[in-house]
Amino acid sequence: MTVAHILAEKGCSVATVQPERTLDDAIQLLADRSIGALVVTDEAQTVVGIISERDIMRAVALQGAAALGAPISSHMTRNVATCQREATNDQIMRLMTDGRFRHMPVCEHGKLVGIVSIGDVVKRRLPTLEAEQQAMRDYITKA
Ligand code: AMP
């Protein structure tokens with residue numbers, strides 16, 4: 001299973017936001033779409049950062065409600081890990097686990113073409129795990 005397969009199933013739409021918008025705007029977008037992160041892009045649609053619910057929670061914990069008026073650029077992560085369509089499910093699961101993040105934008109020739117979340121990855125991994133578990137049970141009971 002590759003990222004291309006996941007995107008073919010779930011679609012390629014990505015929620016983006018501009019860096020000069022505020023954390024309050026980000027919260028509204030996240031709530032409206034029931035998602036956990038927004039990819040931050042400039043006018044050329046180049047990825048310049050990512051802001052997740054965790055960044056907003058941290059900003060509010062440190063600065064209180066005043067943080068909600070701050071620009072997204074001041075709280076986003078700038079060094080964004082991205083992957084390509086050819087990456088496998090297992091590879092991105094490893095990258096997310098090691099990097100401790102749950103969202104992975106997909107880029108092709110420097111342009112954003114989709115996003116994969118940890119939920120997308122785990123959902124596709126479960127049937128394989130269940131099949132492996134069943135094979136192990138069969139092996140044990142028939143031995
Ligand atoms: P998340 O688990 O996705 O809510 O994000 C946890 C932290 O990792 C936040 O500080 C995010 O800004 C950051 N983050 C999320 N996705 C990525 C990514 N693909 N590359 C780098 N940092 C990320």
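Starting from 1, each residue takes its place in the sequence as its number. What's counted below: heavy atoms across the whole structure, side chains too, no hydrogens, waters or symmetry copies. Whatever order the structure lists ligands and atoms in, that order sets their numbers, starting from 1. The structure displayed is predicted, hence computed values, not measured ones.
- Under 4.0 Å from ligand 1, heavy atoms of A81 appear from its side chain as well as its backbone.
- Between the side chains of R94 and Q91, not a single donor N or O lies within less than 3.5 Å of an accepting N or O.
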Query raised in the report: Passes side-chain contact (heavy atoms from CB on, under 4.5 Å), E9 versus M1? Steps please.
Result: CA-CA 11 Å; E9 276 178 32; M1 170 74 70; 4.2 Å; yes

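- Counting non-hydrogen atoms of other residues, nucleotides and ligands closer than 6.0 Å to CG of N79 gives a total of 12 or fewer.
- Summarising the contacts of atom 4 (O) of ligand 1 with M104, H103, M96, R102, the nearest heavy atom is found in R102.
- Close N/O approach between D55 and ligand 1 is found [any backbone or side-chain N/O within under 3.5 Å].
- Atoms of ligand 1 lying under 4.0 Å from at least one heavy atom of V80, given by number and element, are 19 (N), 20 (N), 21 (C).
- By the neighbour-count criterion of 12 heavy atoms within 6.0 Å, atom CD of Q63 is densely surrounded, having more than that number from other residues, nucleotides or ligands.
- In terms of polar-atom proximity, E53 is not counted as a contact of ligand 1, lacking any N or O under 3.5 Å from an N or O of the ligand.
- Considering backbone and side-chain atoms alike, R100 places every N or O at 3.5 Å or more from each N or O of ligand 1.
- The residue from I72, V47, I50, T46 that alone fulfils the side chain to side chain contact (heavy atoms under 4.5 Å, CB included) condition with V40 is I72.
- The side-chain heavy atoms of L126 and V122, taken from C-beta on, include a pair separated by under 4.5 Å.
- Atoms of ligand 1 lying under 4.0 Å from any heavy atom of P105, numbered from 1 in the order shown and given with element: 19 (N).
- Closest heavy-atom approach to atom 22 (N) of ligand 1 among the candidates T77, V47, I51, I56: T77.
- In terms of protein heavy atoms, atom 21 (C) of ligand 1 is closest to N79 O, 3.4 Å.
- Ion pair K123/D120 not flagged as a salt bridge, since none of the NZ, NE, NH1 or NH2 atoms sits closer than 4.0 Å to an Asp/Glu carboxylate oxygen.
- Here is the list of ligand 1 atoms found below 4.0 Å of a heavy atom in I50: 12 (O), 14 (N), 15 (C), 16 (N), 17 (C), 23 (C).
- Between F101 and ligand 1, not a single N/O pair is under 3.5 Å apart.
- The heavy atom nearest to atom 7 (C) of ligand 1, considering only S117, S52, G36, is found in S52.
- Taking every heavy atom of both residues into account, S13 and I115 meet most closely at O-CG2, 4.3 Å.
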